[in-house]
Amino acid sequence: MIKDATPDYPASFGFSSASLSPSAFTLIDDGTGGNTQEFNDVANGTYLIYENSLPSGWSLDDIAVAGTATVTFGSGSNYTHSGFNPNRGDDGVQIVIDEDSDFAVITFMNSIDSGTLTVTKYEDLNRNGTRDTSPSLEPALADWTIEVYQGSGCGGGNTLVASGTTAADGTLIFELPVGTYYVTEQLPSGWTNTAPGANPPCSAVVITDGSQSGVTFGNAEESGSITVSKQTTAGGGSFPFSGDLGAFTLLDGNSRIEPDLSPGDYVITEAAPAGWTLVGITVIGATCAAFGNGTSFPHATFQSGDTSVRITLSDGESVSATFTNEQIPGSIAVHKFDDIDGSGLQGAGEPDIEGWSFSLYSGSGCSGDPIATALTDANGDVTFSSIPPGDYSVGETLPSGWENTTGGTCRNVTLAAAGSDSLTFGNRLIPGSITVHKFNDLNGNGVQDAGEPDLQGWDFSLYSGSACSGDPLDTGTTDSSGNVTFSPLTPGDYAVGETLLGGWQSTTGGTCQNVTLAASGSLTVTFGNQQIPGSIAVHKYNDLNGNGSNDAEPALGGWTINLHSASGCLDTPIATATTDSNGNVTFTDLSPGTYYVGE
């Protein structure tokens with residue numbers, strides 16, 4: 001047997017049978033099957049099949065019969081009528097099988113009051129929720145799936161009563177029993193509903209007998225968006241952008257969102273400000289992106305030197321593009337020289353210093369661990385390169401005996417992006433001094449003994465090297481303490497010479513003394529001098545004629561002669577001698593001065 005409902009609808013119709021199995025069953029005519037029941041291998045006999053349960057609002061309009069079996073119509077206990085009569089209340093049939101070849105095809109035909117529902121689909125190109133006719137009618141959307149539900153809404157626990165796809169003209173017509181329905185569409189990926197505007201839509205429709213209702217759904221391809229973000233490795237900076245999203249500027253940490261973008265290609269170009277370089281463009285969410293210089297995009301990934309990205313935006317994509325910059329590194333060059341004269345400037349003849357150690361520190365004051373350490377080359381140079389902008393300090397390792405002449409051993413510097421700074425360090429060996437001391441070496445023993453006075457007013461000259469040759473470096477005169485000091489002096493070999501006064505002689509190794517002065521050294525050179533000793537010769541003769549003159553008169557030997565100091569002949573003589581046979585006696589090694597001679 002067959003169930004044929006008009007319209008096709010998922011309503012359940014209950015049946016009973018007598019002498020057949022199953023004795024009770026349900027049929028549904030929704031256009032998808034489940035609307036037949038077969039009874040096979042039925043023995044000869046009389047059988048009943050009748051419809052005993054109809055959904056609300058439905059009626060049995062006819063029962064069609066085909067086959068060789070004898071079929072009569074009726075209801076209750078009377079199934080003897082030759083034809084179907086709904087006014088008589090007929091609800092089923094009696095079937096008589098007399099021969100094995102007999103068969104019967106019974107079709108129960110039901111109907112209910114109904115109306116039509118027409119669903120129209122179009123592409124809402126301008127997204128205004130209305131199907132515009134100017135400048136031309138917005139196009140129909142074919143092959144979209146439409147679903148009709150009963151219950152309280154669309155989907156979920158509600159009952160799907162009808163579905164189908166739109167035709168080429170964008171329409172789909174349903175014939176539905178009277179009642180309240182909910183109509184929705186299946187949204188393909190990348191599309192959105194613009195009329196009525198819900199995603200997905202769910203429109204309620206009331207069907208009355210003979211009514212012609214309609215629902216219109218407008219749709220548009222989903223718009224995409226691109227978010228451009230700026231980040232830097234050092235903070236700061238203002239970065240201009242141009243391209244298909246327009247001209248705009250971003251600061252570090254800022255973003256710009258461009259919504260409602262149609263599918264297509266979008267080029268974004270950054271012009272890095274002075275001192276900055278673009279080190280990366282990270283794209284997330286795009287099915288396709290290429291990198292280059294704004295007009296050519298040969299790279300599938302970001303390469304050094306690229307300034308632009310071309311994003312191919314697909315339906316509904318939300319893409320982010322992050323541009324990362326870092327400041328261009330700079331360098332700090334250090335020059336080292338031997339500031340022999342301590343002027344702080346490298347003058348003629350002042351050499352560069354090789355092998356001097358310098359360290360680079362982050363921040364000022366040369367504190368903490370150094371970033372880098374290097375030695376000066378043969379030209380006295382060392383360069384710290386690839387340094388990010390910022391505050392730095394450069395310190396030198398000062399060897400023993402040296403001092404800095406150019407502002408200290410630690411110098412602070414602020415390096416700009418892509419900057420190049422230079423520092424000059426002058427150093428010299430710490431100056432020393434040579435002090436000359438002058439004394440009167442009365443006894444000529446080369447040592448200043450007690451009572452031997454200092455000598456003021458003696459001139460001394462300082463020479464480079466040895467032997468007191470050439471022009472002196474400096475000259476000086478001893479003070480009341482017998483001293484004169486030459487300073488400051490760089491370490492090295494020197495010679496000190498005295499200007500010897502007439503009648504004097506050196507008692508301490510000569511009038512020129514060589515010395516070697518160490519860094520920061522202090523030397524004392526002592527010069528002892530004494531006046532050259534004299535002698536007093538005494539001649540004793542017999543003044544025969546008493547005239548006080550030696551007129552070839554005879555000498556007197558054996559006479560005692562006394563030498564007295566300046567006090568006169570009354571004090572104790574300082575020396576006594578006897579004239580020889582020639583009447584002579586000599587007192588030698590006498591210091592200059594006044595003496596008295598007595599006999």
Among pairs that include at least one residue of residues 274-312, which meet ring-ring contact (aromatic ring centres under 6.0 Å, His included), considering only residues two or more places apart or in two chains?
Phe239-Trp276
OG of Ser320 to CD1 of Ile284: how many Å apart, nearest 0.5 Å?
4.0 Å
Show your reasoning for whether salt bridge (Lys or Arg N to Asp or Glu O under 4.0 Å) applies to Arg428 and Glu350.
CA-CA 10 Å; Arg428 66 172 179 178; Glu350 292 184 325; over 6 Å; no
Residues Glu270 and Asn325: side-chain donor-acceptor under 3.5 angstrom:
yes
Can you confirm whether the side chains of Gln456 and Asp479 place a donor and an acceptor under 3.5 Å from each other?
no
Any donor-acceptor N/O pair, Thr376 side chain to Ile353 backbone, under 3.5 Å:
yes
Whether Thr478 side chain and Gly457 backbone form a donor-acceptor pair below 3.5 Å
yes
Examine distances only and state if a side-chain atom of Asp391 and a backbone atom of Ser364 form a donor-acceptor pair shorter than 3.5 Å.
no
Run Val394 and Tyr361 through side-chain contact (heavy atoms from CB on, under 4.5 Å) and show every step you take.
CA-CA 6 Å; Val394 177; Tyr361 298 85; over 6 Å; no
Find the distance between CG (Asp265) and CG (Leu313) and round it off to the nearest 0.5 Å.
9.5 Å
Could you check whether any side-chain N or O of Thr508 sits under 3.5 Å from a backbone N or O of Gly528, counting only pairs where one atom can act as donor and the other as acceptor?
yes
Cationic tip of Arg411 within the cone over Phe425's six-membered ring, i.e. under 6.0 Å and within 45° of the normal?
yes
Nearest-0.5 Å distance that lies between atom CD1 in Ile332 and atom CG in Leu360
5.0 Å
Check whether any side-chain N or O of Trp458 sits under 3.5 Å from a backbone N or O of Glu498 as a donor-acceptor pair, and report yes or no.
no
Side-chain donor or acceptor of Thr406 paired with backbone N/O of Gly426 under 3.5 Å
yes
Going by atom types only, do Asn199 and Thr192 share a side-chain donor-acceptor pair under 3.5 Å?
yes
Any luck finding a side-chain donor-acceptor pair between Thr324 and Gln231 under 3.5 Å?
yes
Verify whether the ring centers belonging to Phe241 and Phe323 lie closer than 6.0 Å.
yes
